[in-house]
Amino acid sequence: MMHRMDRSVYMDYAATTPVDPRVTDAMLPYLTEHFGNPNSLYTLGRDAYRALESARESIAAGVGAQPQELVFTGCGTESDNSALIGISQMAAERKSRRHIVVSAFEHHAVLHPAEWLAKNGFDLTIVSPRADGVVHPGDLRAALRDDTALVSVMAANNEIGTIQPLAELAEAAHERGALFHTDAVQALGKIPFDVSEVGVDAASFSAHKIYGPKGAGVLYLKKGTPFRPLLMGGGQEFKKRSGTQNVAGAVAFAKALELMLAEQADEAERLSALRDRVVGGVLDGIANTRLNGTGPKLPGYANLIMLGCEGESMLLQLDSKGIAVSTGSACSSGSLEPSHVLLAIGCPAEEAHGSLRVTLGRFTTDEDVDRFLEVLPPIVERLRSMNPLYERMYGA
Amino acid sequence: MYSEKVMEHFNNPHNVGVIEDADGVGEVGNPVCGDVMKITIKVDDDRLTDIKFQTLGCGAAIATSSIITEMARGKTLEDAARITKQEVADELGGLPPAKMHCSVLATDGLKVAIDDYLTQHGREPLGEPLISSDPNFDPHAETHDDACDL
Ligand SMILES: Cc1ncc(COP(=O)(O)O)c(C=O)c1O
């Protein structure tokens, strides 16, 4: 279905996904003939408005929200930033609560605004997940204070895929009168997720992780949640996010979510089986390897450690064989630190450097997994043979 | 992004291995930081006649290790010990700023191996300054990039 190069294998669906052709079909008319501004009063504008609002209704139904509780944003990062800063600042003003809590393995789209708030009048407490890759409600309870304004814990982690006990975490926050935000960018559409069932006050979503386009996000804000907009201007999106809406993006988001939900159960089963083959093949076929995070995981996610190999080297060698994966190693992305996620779950730095994140998705086939399991072992063996410490550290 | 030359040396590194009857050995780096390099050398008449390396590290760490073995072979000990991280990077057609510390690993590894040879023969080490053993050396200093998590 997807256009693919000869023998190219994409196994980085947590980073982004190709736009599903059914999604492209749904969105294209809103880039071409129905190009109107949804805020214009004439027919062209009203058509765009109707498409925007029906996308909002459809997404709202998909996540258990009311349509007026959804704000279209420019990306998942914007949703996270707006929630952290917009809610905390308003809660501080209204209720003089000046403490926030986030988990240590949040995406930087949450961590960095939290750190910014800490430099701008707030106290910040960071709660660590345990070695299983899960934030335990008891640990969150211990971090809460009477003046906690906002807690933010992600629904599922982007590097290790572990699913968080959101309902219990949100309840713990509410017991102390704090609001609860979750970054559900990775979880959306892959596991059942209903904002009213888990009882969150705010949630962030992004279209490009669910076979929609990049640059389309949604922020759920439960009715009555204190919020100050980050973007001010024309007052669109119930005055919560000014800027002419990305109608095609919203339509695409709705279609993408509809497909995710329709295919969720079957895909979960299929991807879990493929993931088990990847994990089994690596752990049984290559010595000195292990899996990160023992808690429940999103289907298709595996974070593996190949002791004595450096992640970027593995990534580049796999790429030269046409296989795309990612790594939590230092040298991977312009940063020299090993992944903060792996460090947060207690993975030693020297091991975190040998991590590979393999994430499977809609277009992954059995043959892709075969190819990966055929190509990886000689790469690991070669890199280990070049490692002056391998025998000393991990030899028999 | 890496230059073509970096990728060439990363994919087909030259002089990988260990010289069993080496005249000098240098090992630098730390697995906690993600890179370790070991260099073994053969010396004849104060010239490097053979060099081999083993490296644990990223693409740049392996490429800089490979290129320095080529640059140093045939040079006098003194000339080889003076190869700078910038010369290594230039020879590779440049390195991304965040990866400049990798060339430090290569130049330091070579200096340690040369001094190992000299001290074994009861001679004064050249004592070229090791950048990586300076307590103020910060491999992160040359980049302000953040991890780009996806
Ligand atoms: C958990 C998580 N939050 C936020 C984001 C940011 O989303 P976006 O790329 O749409 O800004 C991502 C992905 O990059 C993510 O994985």
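Chain letters run A, B, ... following the sequence lines, proteins first and then strands; every chain starts at 1. Every value quoted in this text rests on a predicted model; they were computed, and no experiment measured them.
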- request: Please look at A:Met393 and chain B and tell me whether the side chain, the backbone, both or neither of the residue comes under 4.5 angstrom of a heavy atom of that chain.
  value: side chain
query: How about B:Ile68 and B:Ile51: do any of their side-chain heavy atoms sit closer than 4.5 Å?
result: no
task: Against chain B, label A:Glu351 side chain, backbone, both or neither, depending on which of its atoms sit under 4.5 Å from a heavy atom there.
output: neither
query: Is the shortest side-chain N to carboxylate O distance from B:Lys42 to B:Glu20 below 4.0 Å?
result: no
task: Using a 4.5 Å cut-off on heavy atoms from C-beta on, say whether the side chain of A:Leu383 contacts that of A:Ile379.
output: yes
Salt bridge flag under 4.0 Å for residues B:Arg82 and B:Asp79: no
- prompt: What residue in B:Ile62, B:Val18, B:Asn30 has the most heavy-atom pairs under 4.5 Å with chain A?
  reply: B:Ile62
task: Quick one: which of A:Met314, A:Arg384, A:Arg392 has the most heavy-atom pairs under 4.5 Å with chain B, could you say?
output: A:Arg392
- prompt: Which bit of B:Ala60 is near chain A, if near means a heavy-atom gap under 4.5 Å: side chain, backbone, both or neither?
  reply: backbone
- prompt: Taking NZ, NE, NH1 and NH2 as the nitrogens, is one of them in B:Arg123 or B:Asp46 under 4.0 Å from a carboxylate oxygen of the other?
  reply: yes
query: Does any N or O in the side chain of A:Ser79 come within less than 3.5 Å of the main-chain N or O of A:Val218, such that one atom is a donor and the other an acceptor?
result: yes
query: What part of A:Leu389 is in contact with chain B, defined as an atom under 4.5 angstrom from a non-hydrogen atom: side chain, backbone, both or neither?
result: side chain
- prompt: Relative to chain B, which of A:Ser313, A:Ala349, A:Gly76 shows the most heavy atom pairs under 4.5 Å?
  reply: A:Ser313
Part of B:Val36 within contact of chain A (heavy atom distance under 4.5 Å): both
query: At a heavy-atom separation under 4.5 Å, does A:Arg382 approach chain B through its side chain, its backbone, both, or neither?
result: side chain
task: Decide, yes or no, whether a salt bridge links B:Glu70 with B:Lys75 under the criterion of side-chain N to carboxylate O below 4.0 Å.
output: no
Structural part of B:Phe53 lying under 4.5 Å from a heavy atom of chain A: side chain
